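The structure displayed is predicted, hence computed values, not measured ones. Within every chain, numbering begins at 1; the chains are lettered A, B, ... in the order of the sequence lines, protein sequences first and strands thereafter.
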Amino acid sequence: MDTKKLARYLIGKTLIHDTPEGRMAGRIVETEAYIVGDAAAHAFIGRTARNQSLFLERGHAYVYFIYGNWYSMNVSAEKVGVGAGVLLRALEPLEGISIMQRRRGETSLEDLLRGPGRLATAMGIDRYYDGMDLCTKGPIWLGAAVKHAGPIRSSVRIGITKEAHRLLRFYERGSPYVSGPLRLRS
DNA sequence: AGTGCGATTGACT
DNA sequence: GTCAATCGCACTA
């Protein structure tokens, strides 16, 4: 499975985080692929202290800090030594909603996990989780789909300038929990 | 040691 | 719709 396939595969799966406050879980409804040779990818410049988790075996967390305020989470996508990942851009709230709302403020269900920075804030994800294996049950992991996913559509990626034309963003069509402008949600 | 900028968000016009 | 905030990282010297 390559990075692009993983980005599609992850739609509908769940992200679960167990904390002392309780369990939080969300259903992945939007992803973006950052593939090998992609000038927009963090791994493009080669392995560094910051991005080394992208070079781990498929299924590990790469968490980075951006714009002085936000964290975003990726799933490493290729075999060891190859840098590529899938950015988690939006989740549908499933469990631990009151915990997440406490972290994010009094936001609607639709805005709670809509956007990479928002979902990381709500789920309590920071650099502590960087490098963790998401494929085995631990503090944070990826679970099976809880319901049948709707049709998956692709679009240009959001928030980047380099290689922005590539159709490497994937989302569940019609989901109210997807980020981005309306034309990129239907 | 200094510089420029980013896989975003929230506040404001 | 526009725009500032904010700081870690990569790069230059």
Side-chain angles (χ1 to χ4, degrees), chain A residues 2-11 15 26 28-56 58-78 82-91 93 100-132 134 140 142 152-172 176-185:
Chain A
D2 65 8
T3 305
K4 203 166 149 181
K5 283 183 184 162
L6 178 65
R8 269 183 182 277
Y9 172 82
L10 286 174
I11 302 286
L15 178 67
I28 300 169
V29 294
E30 180 185 351
T31 62
E32 275 178 3
Y34 285 86
I35 64 180
V36 173
D38 182 353
H42 287 186
F44 187 70
I45 57 172
R47 189 191 207 132
T48 68
R50 178 211 200 192
N51 71 16
Q52 59 182 330
S53 297
L54 283 172
F55 294 79
L56 297 175
R58 176 183 311 117
H60 287 74
Y62 163 53
V63 181
Y64 65 92
F65 184 69
I66 192 76
Y67 295 124
N69 275 316
W70 315 102
Y71 293 95
S72 293
M73 184 169 132
N74 288 238
V75 180
S76 66
E78 302 284 342
V82 180
V86 173
L87 172 69
L88 302 185
R89 285 199 57 92
L91 310 178
M100 298 191 284
Q101 282 177 326
R102 210 175 304 142
R103 295 178 192 273
R104 286 263 298 117
E106 296 299 316
T107 62
S108 67
L109 273 192
E110 292 183 5
D111 284 341
L112 191 58
L113 302 171
R114 209 179 66 128
R118 290 170 171 181
L119 79 84
T121 300
M123 297 276 289
I125 295 166
D126 59 27
R127 286 283 284 178
Y128 172 78
Y129 300 90
D130 185 59
M132 283 195 185
L134 299 170
I140 191 165
L142 290 163
I152 297 172
R153 302 196 67 178
S154 63
S155 84
V156 295
R157 292 179 291 188
I158 292 177
I160 59 173
T161 48
K162 286 179 239 172
E163 302 289 342
H165 63 283
R166 294 203 199 210
L167 298 176
L168 291 174
R169 172 175 172 267
F170 302 94
Y171 60 98
E172 184 177 35
Y177 305 104
V178 168
S179 78
L182 274 177
R183 70 184 176 79
L184 296 183
R185 292 197 236 162

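Across all strands shown, T48(A) has heavy atoms under 4.0 Å from sugar-phosphate atoms exclusively, and none from any base. The residue R157(A) sits apart from the nucleic acid: no heavy atom pair falls under 4.0 Å.
A 4.5 Å side-chain heavy-atom check between H42(A) and Y64(A) finds at least one atom pair inside the cut-off. Counting heavy atoms from C-beta on, the side chains of H60(A) and S53(A) never come closer than 4.5 Å.
What separates CH2 of W70(A) from P of dA4(C) is a distance of 17 Å, to the nearest Å. Straight-line distance from the CD1 atom of I66(A) to the P atom of dC7(C): 13 Å, rounded to whole Å. The interatomic distance linking R89(A) (CZ) with dT9(B) (C1') rounds to 11 Å, in whole Å. To the nearest angstrom, P of dT9(B) lies 15 Å from OH of Y71(A). Residue F44(A) contributes atom CZ, which lies 18 Å from atom C1' of dC9(C) at whole-angstrom precision. Atom CG in L54(A) sits about 14 Å away from atom P in dC9(C), given to the nearest Å. Separating the CD1 atom of I158(A) from the P atom of dG6(B) is a distance of 17 Å, rounded to the nearest angstrom. Whole-Å rounding puts the M73(A) CE to dT8(B) C1' distance at 17 Å.
Take the nearest nucleotide of DNA chain C for N51(A) and for N69(A): the residue whose nucleotide is more 5' is N69(A). Along DNA chain B, the nucleotide closest to K162(A) and the one closest to P116(A) are compared, and the more 5′ of them pairs with K162(A).
Spacing between dC5(B) and dC3(C) at atom C1', rounded to whole Å, works out to 16 Å.
For the pair Q101(A) (side chain) and T107(A) (backbone), a donor-acceptor distance under 3.5 Å is present. When atom types are taken as modelled, the side chain of S76(A) and the backbone of G85(A) share no donor-acceptor pair closer than 3.5 angstrom.
Expressed to the nearest 0.5 Å, how far CG of L10(A) lies from CD of E32(A) amounts to 13.0 Å.
Counting only heavy atoms from C-beta on, F65(A) has its side chain closest to dC7(C) among dA7(B), dC7(C), dC9(C). Nearest nucleotide to the I45(A) side chain, out of dC7(C), dA7(B), dC11(C): dC11(C).
In this structure, R58(A) and A77(A) approach most closely via the heavy-atom pair NE-O, 3.0 Å.
Look at R118(A) and you'll find a side-chain N or O under 4.0 angstrom from OP1 or OP2 of dG10(B). Residue R104(A) has a polar side-chain atom (N or O) positioned under 4.0 Å from OP1 or OP2 of dG10(B).
Side-chain polar atoms of R169(A) and S155(A) form a donor-acceptor pair below 3.5 angstrom.
None of R185(A), R114(A), R89(A) except one satisfies the side chain to side chain donor-acceptor pair (under 3.5 Å) rule with S179(A); the exception is R89(A).
Counting distance only, with no hydrogens placed and no angle test, the side-chain atoms of Y64(A) and the base atoms of dA7(B) include a donor-acceptor pair under 3.5 Å.
A distance cut-off of 5.5 Å between ring centres, combined with a plane angle under 30°, places Y67(A) in a stacking arrangement with the base of dT8(B).
Consecutive Watson-Crick or G-U pairing (both distances under 3.5 Å) extending over three or more pairs maps onto DNA chain C as B:1-6 with C:7-12, B:8-12 with C:1-5.
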